[in-house]
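Positions are given from 1 along the sequence. Indexing begins at 1, ligand by ligand and atom by atom, following the structure's order.
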Amino acid sequence: MSNGSAFNYTNKNVVVVGGTSGINLNVAIAFAKAGANVAVASRNIDKVNNAVDLLNQANANGTHLGVSFDVRDNDALTLGFAEIAKHYGHIDVLISGAAGNFPASAAKLSTNGFKSVIDIDLIGSFQVLKQAYPLLKRPTASIIQISAPQAFIAMPLQAHVCAAKAGVDMLTRTLALEWGIEGVRINSIVPGPIADTEGFNRLAPSDELQQRVANSVPLKRNGQGQDIANAALFLASDMASYITGVVLPVDGGWSLGGASIAMTELGDLGAKQGL
Ligand code: COA
Ligand code: NAP
């Protein structure tokens, strides 16, 4: 393609919720480079503005937009999606990836701590999908949820995230049934350990541990944001037009081995730090 990407999203409207840092920002920039108009959203307005600057650098011809909201606040979501509707009219691709994580044992985690992650990851995703639904272009719209291996691999210190992300993937499957009739596809991407991200740094907080995780990945490296972006570009494209309701690990094969380093190291971390 003349835009340097293997895909062409020119004139497509892409919304990336939680798209202002880390993996999701990589995804947002990849869609902009492929020609799309991209809207990003998250809580922190400075992060939102910085992300929009990066989108403009990636594709000066696109109409890029930043909106600020907390996915737990449905009224704020209504205003944010009204802003998106005003600029774009409809949404071709929705990426839902806002999430929170921290290591904590169930015995010491407060109900509110557990609830905060359920509220952001699961109920937040539900609210985002519902808000986007009336704006989705039918048929052909594509939704991608950014899940995590915790959705199907139990991990110590991750009861809140395991419960939330399992719910996120069941939303993917259920809405594939409900919205497929209108030609709306929805899939989950399950990133493996992705270098230079907040999520990975919180669970593997040293270079040495991150290297050990890399060695435990069948492909012998931690992932890059671009690995996830490539999968998202494919899943949202016509090349994936018969794929819906799929939960796709993009993890170098890590989950096949049960993410075992994370399991043992997180257990040790909990014991050492009294989490
Ligand atoms: N260990 C145990 N409990 C914790 C915790 C930790 N490290 N961090 C927060 N909590 C608890 C708090 O104590 C509080 O519970 P309490 O009222 O019973 O004391 C509850 O979680 C909510 O904390 P608060 O700081 O008010 O939440 P918030 O809404 O400001 O932030 C988080 C949400 C906690 C998920 C925060 O880590 C966040 O914003 N994360 C986004 C970035 C991120 O996690 N990136 C990785 C993505 S995978
Ligand atoms: P990150 O940089 O912290 O990204 C989280 C994004 O969500 C940020 O843009 C953040 O911006 C936003 N966000 C957080 N809470 C929000 C809320 N309540 N409302 C609205 N936006 C909110 O983390 P990351 O590690 O790249 O993770 C991105 C996604 O990948 C997450 O869904 C995570 O579960 C998944 N994942 C990550 C890894 C990994 O190795 N990093 C592995 C598997 C899965 P604000 O702070 O401005 O709100």
| said: Under a 3.5 Å distance rule, please check whether D92 uses its side chain to pair with a backbone N or O of K12 as donor and acceptor. | reply: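 No; judged by distance alone, with no hydrogens or angles, the pair does not exist.
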
So what's ligand 2 close to, N/O to N/O, under 3.5 Å?
| unit_1 | atom_1 | unit_2 | atom_2 | d |
| --- | --- | --- | --- | --- |
| ligand 2 | 2 (O) | S21 | OG | 2.7 |
| ligand 2 | 9 (O) | G18 | O | 3.1 |
| ligand 2 | 9 (O) | T20 | N | 3.3 |
| ligand 2 | 9 (O) | T20 | OG1 | 2.8 |
| ligand 2 | 11 (O) | T20 | OG1 | 3.4 |
| ligand 2 | 11 (O) | S42 | OG | 3.3 |
| ligand 2 | 11 (O) | K47 | NZ | 3.2 |
| ligand 2 | 15 (N) | R43 | NH2 | 3.4 |
| ligand 2 | 18 (N) | D70 | OD1 | 2.9 |
| ligand 2 | 19 (N) | V71 | N | 2.9 |
| ligand 2 | 25 (O) | G199 | N | 2.8 |
| ligand 2 | 26 (O) | I23 | N | 2.9 |
| ligand 2 | 32 (O) | G97 | O | 2.9 |
| ligand 2 | 32 (O) | K165 | NZ | 3.1 |
| ligand 2 | 34 (O) | K165 | NZ | 3.1 |
| ligand 2 | 40 (O) | G192 | O | 3.4 |
| ligand 2 | 40 (O) | I194 | N | 3.0 |
| ligand 2 | 41 (N) | T197 | OG1 | 2.7 |
| ligand 2 | 41 (N) | F200 | N | 3.4 |
| ligand 2 | 46 (O) | R43 | NH2 | 3.1 |
| ligand 2 | 46 (O) | K47 | NZ | 3.2 |
| ligand 2 | 47 (O) | S42 | OG | 2.7 |
| ligand 2 | 47 (O) | R43 | N | 3.4 |
| ligand 2 | 47 (O) | N44 | N | 2.9 |
| ligand 2 | 48 (O) | R43 | N | 2.9 |
| ligand 2 | 48 (O) | R43 | NE | 2.8 |

Looking just at side-chain N and O atoms, do [X] and [Y] make a donor-acceptor pair shorter than 3.5 Å?
X	Y	value
S188	S147	no
N26	Q224	no
Q226	N230	yes
Q210	N201	yes
Q127	D73	no

Parallel, tilted or perpendicular: ring planes of F81 versus F69, cut at 30 and 60 degrees: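 Parallel: the ring planes of F81 and F69 meet at under 30°.
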
List, pair by pair, the atoms of ligand 1 and of the protein that are both N or O and lie under 3.5 Å apart, giving the separation rounded to 0.1 Å.
| unit_1 | atom_1 | unit_2 | atom_2 | d |
| --- | --- | --- | --- | --- |
| ligand 1 | 15 (O) | S110 | OG | 3.3 |
| ligand 1 | 17 (O) | N112 | ND2 | 2.9 |
| ligand 1 | 18 (O) | S110 | OG | 2.6 |
| ligand 1 | 29 (O) | R72 | NH1 | 2.8 |
| ligand 1 | 29 (O) | R72 | NH2 | 3.1 |
| ligand 1 | 37 (O) | R202 | NH1 | 2.9 |
| ligand 1 | 39 (O) | R43 | NH1 | 3.0 |
| ligand 1 | 39 (O) | R43 | NH2 | 3.0 |
| ligand 1 | 44 (O) | N101 | N | 2.9 |
| ligand 1 | 44 (O) | N101 | O | 3.4 |
| ligand 1 | 44 (O) | R202 | NH1 | 3.1 |

message: Given the ring of Y133, does R138 sit roughly above its face, with NZ or CZ under 6.0 Å from the centre of the six-membered ring and within 45° of the axis?
response: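 The answer is yes, since R138 meets both limits relative to Y133.
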
Hphob cluster co-occupancy, I153 + L122, side-chain heavy atoms under 4.5 angstrom: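 No; tracing contacts between hydrophobic side chains, which count when under 4.5 Å, never links both residues.
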
